[in-house]
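Here the structure is laid out as structure tokens; the discussion comes afterwards.
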Amino acid sequence: MIIQPRTRGFICLTSHPQGAAQNIKNQIEYVKSKGEIANGPKKVLVIGASTGFGIASRISAAFGSGAATIGVFFEKPAAEGKPGTAGWYNSAAFEKEAHEAGLYAKSINGDAFSDDIKKQTIDLIKKDLGQVDLVVYSLASPRRTHPKTGVAHASVLKPIQEPFTNKTVDFHTGVVSDITIQPIENDEDIVNTVAVMGGEDWKFWIEDLKAAGVLADGAKTVAYSYIGPELTYPIYRNGTIGRAKDDLEGTVPAINAILSDLHGVAYVSVNKALVTQSSSAIPVVPLYISLLYKVMKEKGIHEGTIEQMQRLFAERLYTADGKVLLDDKGRIRVDDLEMREDVQAEVAALWEKATTENLAEISDIEGYRNEFFNLFGFNFDGIDYNADTNEVVAVPSIE
Ligand code: NAD
Ligand code: NA
């Protein structure tokens with residue numbers, strides 16, 4: 001089959017296996033170029049391990065500190081002339097590279113919100129690793145079937161009090177327009193979004209892992225959050241998704257309590273805005289990201305997911321003196337460069353000016369688009385996208 005990008009709105013329906021493999025190789029090379037992460041993790045469970053911050057976390061642990069990794073994700077292999085998902089190809093490539101480097105790597109494909117996948121994961125840890133010393137929680141999903149109630153929750157991306165009007169961009173065409181997003185009609189939308197993206201499932205994981213005795217003494221766990229600029233507050237941090245992030249951050253004390261007799265600790269890391277499958281679905285945010293990229297690249301401080309996660313591990317979670325730098329709310333901040341005053345002031349000024357006509361010049365919309373296609377294995381040099389790719393791509397550890 002010849003695999004070319006096929007998009008519908010902010011979704012790319014196809015992914016390229018060799019391109020995804022190149023993407024993974026590039027991330028591995030970056031982590032290796034930064035040298036060994038001293039005192040880094042050794043046995044790591046990554047939940048949401050196939051794309052975005054999750055795969056970057058897995059690569060940082062494996063290739064930065066030689067960690068054995070188990071990755072949990074929800075992806076599809078190729079079937080009936082349809083390519084597999086990017087996360088499938090990423091994971092296949094990751095396992096292959098890890099195994100070649102002599103590193104343990106196995107994966108579990110299924111619904112991480114379910115009790116069954118938690119149990120399968122625990123059984124695998126018991127069988128192969130005994131215990132894990134780091135649990136990365138990097139799920140991003142539009143829905144969750146609650147394992148205790150059976151209720152299917154769907155998250156929404158909406159403001160809470162009033163309609164929100166601002167600029168947005170169709171990153172495929174570069175057309176800038178005004179968009180108005182209506183607020184929620186009732187609190188159900190908040191309840192559902194919190195149920196999907198809040199902290200309950202993270203807590204369920206840690207409870208189950210602890211009860212099964214598969215967390216090592218001193219085990220750490222980290223989950224990812226976002227804050228961003230005031231201009232996206234109505235749709236992000238003060239919107240339904242922000243309530244879920246408040247809930248996630250608010251779960252830290254409960255998880256610390258679960259971990260206390262193991263001398264373990266839970267963190268939320270606030271990460272930078274980046275092009276991922278999840279962030280491209282949020283209105284207004286892609287325009288902000290394309291302006292942010294322009295400013296940060298000009299200042300020489302741009303980072304992608306792998307730079308973010310390597311820095312999180314090397315300079316925050318695993319420091320020489322064991323001290324973890326936190327903000328006044330107890331959070332790790334690797335969005336520090338994004339939130340720098342000079343960066344935010346320049347982005348805000350560009351935001352006022354941005355139009356369809358000047359977008360190519362004042363923003364990095366080209367970089368946005370390129371990174372979006374990169375997520376699906378497209379736009380990599382040295383890959384022949386007109387060639388037939390008939391190879392069956394398996395994730396080695398998954399039958
Ligand atoms: P992503 O869409 O790239 O990754 C989501 C991962 O979750 C994938 O591995 C996917 O397979 C997995 N997943 C989804 N549903 C699942 C299910 N039911 N069972 C098992 N696995 C499932 O997203 P991302 O942008 O890397 O987001 C990860 C976290 O980082 C989220 O909490 C997100 O809010 C946060 N974050 C993202 C940004 C950003 O700009 N992208 C910034 C800061 C924080
Ligand atoms: Na992820």
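Start at 1 and go down the list; that is how both ligands and their atoms are numbered. Just so you know, these numbers come straight off a predicted model, no measurement behind them.
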(message) Geometry only, no angles: is F113 polar-contacting ligand 1 at N/O separations under 3.5 Å?
(response) no
(request) May I ask you to check whether Y226 has an N/O atom sitting below 3.5 Å from an N/O atom of ligand 1? (result) no
(request) Heavy-atom contacts with S279 under 4.0 Å: which atoms of ligand 1 show up? List them by number with element. (result) 40 (O), 41 (N)
(request) Considering non-hydrogen atoms only, spot the tightest contact between Y89 and S15 and give its length. (result) CE1-O, 3.5 Å
(message) Suppose I only count heavy atoms of N271 and a 4.0 Å limit; which atoms of ligand 1 are within that range?
(response) 43 (C)
(message) Taking distance alone, with N or O pairs closer than 3.5 Å, would you say E75 contacts ligand 1?
(response) yes
(message) Checking I190 against D187 for the side chain to side chain contact (heavy atoms under 4.5 Å, CB included) test, could you report, in this order, the C-alpha distance in whole Å, the side-chain angles of both residues, the deciding distance, and whether it holds?
(response) CA-CA 5 Å; I190 298 176; D187 285 354; 4.0 Å; yes
(request) Considering the heavy atoms of S225, write down every atom of ligand 1 situated less than 4.0 Å from one of them. (result) 43 (C), 44 (C)
(request) May I ask you to check if ligand 1 and F74 share an N or O to N or O distance below 3.5 Å? (result) yes
(request) Could you list the atoms of ligand 1 found under 4.0 angstrom from a heavy atom of S50? (result) 8 (C), 9 (O), 10 (C), 11 (O)
(message) What I want to check is whether the side chains of E36 and S65 have a donor and an acceptor closer together than 3.5 Å.
(response) no
(request) In plain terms, say whether K299 and E346 are close enough for a salt bridge, that is, a side-chain N and a carboxylate O under 4.0 Å apart. (result) yes
(message) Any salt bridge linking R331 with E249? Criterion: basic side-chain nitrogen under 4.0 Å from a carboxylate oxygen.
(response) yes
(message) For ligand 1 and Q277, I'd like to know whether there is a polar contact (N/O to N/O, distance under 3.5 Å).
(response) no
(request) Kindly confirm or rule out a cation-pi arrangement of K34 over F313, judged by NZ or CZ under 6.0 Å from the six-membered ring centre and within 45° of its axis? (result) no
(request) Any atoms of ligand 1 less than 4.0 Å from a non-hydrogen atom of S278? List them with their elements. (result) 1 (P), 2 (O), 23 (O), 25 (O)
(request) Assess whether ring pair (Phe, Tyr, Trp, His ring centres under 6.0 Å) is satisfied between F372 and H172, documenting all intermediate values. (result) CA-CA 10 Å; F372 177 79; H172 294 298; 5.7 Å; yes
(request) Say whether I289, considering both its backbone and side-chain N or O atoms, lies within less than 3.5 Å of an N or O atom on ligand 1. (result) no
(request) Take every heavy atom of R143, measure it against each atom of ligand 1, and state whether any distance is under 4.0 Å. (result) no
(request) Give the numbers and elements of all ligand 1 atoms closer than 4.0 Å to a heavy atom of A273. (result) 40 (O)
(message) Among T305, L139, L248, V268, which one puts a heavy atom closest to atom 13 (N) of ligand 1?
(response) L139
(request) Check side chain to side chain contact (heavy atoms under 4.5 Å, CB included) between S260 and all other residues, then give those that pass, not counting sequence neighbours. (result) none
(request) Inspect the contact between D336 and K272 and indicate whether a charged nitrogen and a carboxylate oxygen are less than 4.0 angstrom apart. (result) no
(message) I'd like the name of whichever of M197, K245, E338 reaches closest to atom 34 (O) of ligand 1 through any heavy atom.
(response) K245
(message) Does any N or O of ligand 1 fall below 3.5 Å from an N or O anywhere on T276, backbone included?
(response) yes
(message) I'd like to check which ligand 1 atoms, numbered from 1 as shown, lie under 4.0 Å from a non-hydrogen atom of G52.
(response) 3 (O), 26 (O)
(request) Could you list which atoms of ligand 1 come closer than 4.0 Å to a heavy atom of S138? (result) 5 (C), 6 (C), 7 (O), 28 (C), 29 (C)
(message) Using heavy atoms and a 4.0 Å limit, tell me yes or no: is G87 in contact with ligand 1?
(response) no
(request) For T145 and G150, work out which heavy atoms get closest and say how close. (result) CG2-O, 3.8 Å
(message) If the threshold is 4.0 Å, N to carboxylate O, is there a salt bridge linking D115 and K148?
(response) yes
(message) What I want to find out is whether K210 reaches D261 closely enough, with some N-O distance under 4.0 Å, to be called a salt bridge.
(response) yes
(message) Any nitrogen or oxygen of G110, side chain or backbone, less than 3.5 Å from one on ligand 1?
(response) yes
